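Note that the structure is predicted; figures quoted are calculated from it, not measured.
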Amino acid sequence: MCCECCGETQRKSWVFGIGSVFAVLGILLVVLWPNLADNLVESGLKLEPGTDTYDSWLEAPIPIYLKFYMFNWTNPQDIRNPNIKPHFNEMGPYVFLEKHKKENYTFFDNATVAYYERRTWFFDEKQSNGTLNDMITAAHAITATVADEMRHSKKIVKKIVNFMMNHEGGTLYTTKPLHEWIFDGYQDDLTDFLNLFNTSKIHIPYKRFGWLADRNGSLEYDGLFTIHTGTDDISNMGRLTHWNGRGETGFYKLPCGIVNGTTGDLFPPKMNIRDEITIFATDACRFMNLRPQGTLEMYGLTATRWVGTEETLDSGENYPNQACFCDPRMEECPKTGVVECKECRDKAPIYSSFPHFYLADKSYLNAVSGLKPDKAKHEFVMAVEPTTGVPVQVHGRIQINMMLEPDDDYDIYRGIQKVLMPMFWFDQYAQLSPELASRAKLAINLSDYGVYFGIACIVFGGLFLVTGIALTLTKRWVRRPVDDEDMLTN
């Protein structure tokens, strides 16, 4: 179109029209885009087929590592000497690549989904400090379980149990290669006898003992989870409603036995960074509350760090609201920082804590030697970007311990020290990739991008309108011949 051929009216129409269009478009973007952008982001974050969240939920898009640190008991022969503490050397880490895959999932009309999760581990020799054949000495778990289960039985029954343990493979400690301690399990004479004996008084539900025996590649070991998808209310996304079809675990009195929190891989957007978050730990059959503490900067994202505190693993000593985590049948509840897991772990005298008894009562650390708690190495941390609910970095650190108690009715345990023996600790580690971090930043900034573009449109449109007004006031819409003559003569 030739502007020289346009009349004054046409020129005004073009200038004021373009200015008005851009100004109105800019105002609409500034006013309406934030809500529209939030709705777009929320739609993509909901757990339903076709969303990025759904794809990431089905199979973890980033590598997850499980790092094992084993405690090698170096002086078991001195356990009856009260002047010598049990000493432990930490061995590892032994690193396994962990694969997660959701299977047998069913979506329901009430905005929930039930599923199983298959977890598979592969040894990563390059990242490990040691081999699968490293020999580890530790307390004998089966003997300790039998002794603990029968501790309050009648004298005659305990005499029979004592005879059995003395002649059928009972022992205070054992030395096995790492791969048998963790996934493969080891053949054990006492286990074989108890399976053959088949008594309801002493229940041993496995053929070989290993801390994660029968778990590698298992579909049903961790149980059936039911969680909210967020399709009806995004603030509920990822919240666990049932575990194995029940709303309570059955291992603790209510309210401690309630199925609560998330499984740790899904969080709702727009999290309140001043509130605690709750994680449901299947290994302990209970929930854990994490408290916000500081931030983590990574790949241009600012994540809030939620950490384990003195309250997380307290059983009522310092936080009365958690007293229901202590079994009332116990002679005494664990001191702060240690929780009892007997019912959850096949009635073995198993207790969990943070690694190296970090944040636990000093009596546990003082009873042994070789451990040194360090916040940087042993803190339980979940760093989550609160706007999107995307986990940025996770260090799920828990230590497994076993109680050894003296009992004069058992030859193996007569005269020993009462000690909570550290067996191993693990760090389940994952970190967001740069690619996923970029997508999270886009979701966070999408609203601002639209507003900035709207402001640019307003400015651009405003320039056209101001120009039009100026030309109108100066009556310069059409260049007159006299103006050209004046320019030539001047």
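- Glu149 places none of its side-chain heavy atoms less than 4.5 Å from the side chain of Val146.
- Under the disulfide (SG to SG under 2.5 Å) criterion, Cys457 pairs with no residue at all, not counting sequence neighbours.
- Using a 4.5 Å heavy-atom cutoff, the side chains of Val390 and Leu436 are not in contact.
- By the salt bridge (Lys or Arg N to Asp or Glu O under 4.0 Å) test, Glu311 pairs with Arg291, sequence neighbours left out.
- With sequence neighbours excluded, the residues that form a ring-ring contact (aromatic ring centres under 6.0 Å, His included) with Tyr186 are Trp181, Phe209.
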Problem set entry | Intermediate values then yes/no, ring pair (Phe, Tyr, Trp, His ring centres under 6.0 Å), Phe96 and Phe183 | CA-CA 11 Å; Phe96 293 81; Phe183 288 111; 5.2 Å; yes
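- Residues Ile398 and Met288 meet the side-chain proximity criterion, which asks for heavy atoms closer than 4.5 Å.
- Ring geometry for Tyr54 versus Trp57: interplanar angle of 30 to 60°, hence tilted.
- Listed by first and then second residue, the salt bridge (Lys or Arg N to Asp or Glu O under 4.0 Å) pairs that reach into residues 300-309 are Arg305-Glu379, sequence neighbours excluded.
- Judged by distance alone, the side chains of Glu48 and Thr51 never bring a donor and an acceptor atom under 3.5 Å apart.
- Contact of the Met237 side chain with the Thr229 side chain is not registered, since no non-hydrogen atoms from C-beta on lie closer than 4.5 Å.
- Shown here for Ser352 and Cys341, the closest heavy-atom pair between the two residues is OG-SG, 3.6 Å.
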Problem set entry | Asn89 vs Thr74, side-chain hydrogen bond (donor to acceptor under 3.5 Å, both in side chains): CA-CA, chis, key distance, verdict | CA-CA 7 Å; Asn89 286 337; Thr74 63; 5.1 Å; no
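- Legend: residues meeting ring-ring contact (aromatic ring centres under 6.0 Å, His included) with Phe460, ordered by chain and number and at least two apart, are Phe22, Phe464.
- Using a 4.0 Å cut-off between a side-chain N of Lys or Arg and a carboxylate O of Asp or Glu, Lys342 and Asp148 qualify as a salt bridge.
- Asn104 places a side-chain heavy atom less than 4.5 Å from the side chain of Leu219.
- Residues passing the side-chain contact (heavy atoms from CB on, under 4.5 Å) test with Leu359, sequence neighbours excluded: Glu310, Phe354.
- The backbone N or O of Asp314 lies less than 3.5 Å from a partner atom in the side chain of Gln322, making a donor-acceptor pair.
- Side-chain atoms of His87 and Ser369 form a donor-acceptor pair, as typed in the model, at a separation below 3.5 Å.
- Using a distance-only test at 3.5 Å, with no hydrogens or angles considered, no donor-acceptor pair links the side chain of Ser56 to the main chain of Thr53.
- Side chains of Glu385 and Thr387: a donor-acceptor N/O pair is present below 3.5 angstrom, by distance only.
- Atom CG of Asp214 sits in a sparse spot, with 12 or fewer heavy atoms from other residues, nucleotides or ligands closer than 6.0 Å.
- Ring geometry for Tyr364 against Phe357 counts as parallel: the plane angle stays under 30°, on a 0 to 90° scale with 60° as the upper cut.
- The six-membered or imidazole ring of Phe225 lies near that of Tyr115, with a centre-to-centre distance under 6.0 Å.
- Counting heavy-atom neighbours within 6.0 Å of Lys99 NZ, excluding the residue itself, gives a total of 12 or less.
- Scanning for ring-ring contact (aromatic ring centres under 6.0 Å, His included) contacts around His378 gives His356, Trp425, with sequence neighbours left out.
- For the pair Lys67 and Tyr429, the cation-pi criterion (under 6.0 Å, within 45° of the ring axis) is fulfilled.
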Pairs under 3.5 angstrom only: tabulate donor-acceptor contacts from the side chains of residues 130-144 to other protein residues two or more places apart or in another chain.
from	atom 1	to	atom 2	distance (Å)
Thr131	OG1	Asn133	N	3.2
Thr131	OG1	Asp134	OD1	3.1
Asp134	OD2	Tyr94	OH	2.7
Asp134	OD2	Thr131	N	3.1
Thr137	OG1	Thr175	OG1	2.6
His140	ND1	Thr143	N	3.1
His140	ND1	Thr143	OG1	2.7
His140	NE2	Asp188	OD1	2.6
Thr143	OG1	Thr171	N	3.1
Thr143	OG1	Thr171	O	3.2

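- Checked by atom type, the side-chain pair Thr336/Glu317 shows no donor-acceptor distance below 3.5 Å.
- A cation-pi contact links Arg286 to Phe325, judged by a cut-off of 6.0 Å to the six-membered ring centre and 45° from its axis.
- With sequence neighbours left out, Glu98 forms a salt bridge (Lys or Arg N to Asp or Glu O under 4.0 Å) with Arg119.
- Judged as a salt bridge (Lys or Arg N to Asp or Glu O under 4.0 Å), and not counting sequence neighbours, Arg246 has no contacts.
- Considering only residues two or more places apart in sequence or on other chains, Pro63 meets the side-chain contact (heavy atoms from CB on, under 4.5 Å) condition with Tyr65, Leu97.
- For the cysteines Cys285 and Cys344, the sulfur (SG) atoms lie within a distance shorter than 2.5 angstrom of each other.
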Please table the atom pairs, donor to acceptor, closer than 3.5 Å between any side-chain atom in residues 269-277 and protein atoms at least two apart or in another chain.
from	atom 1	to	atom 2	distance (Å)
Asn272	OD1	Arg274	N	2.9

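- Checking Ser353 against Asn401 by side-chain atom types alone, a donor-acceptor pair falls below 3.5 Å.
- A salt bridge between Asp233 and Lys46 is absent, with no side-chain N of the basic residue lying under 4.0 Å from a carboxylate O of the acidic one.
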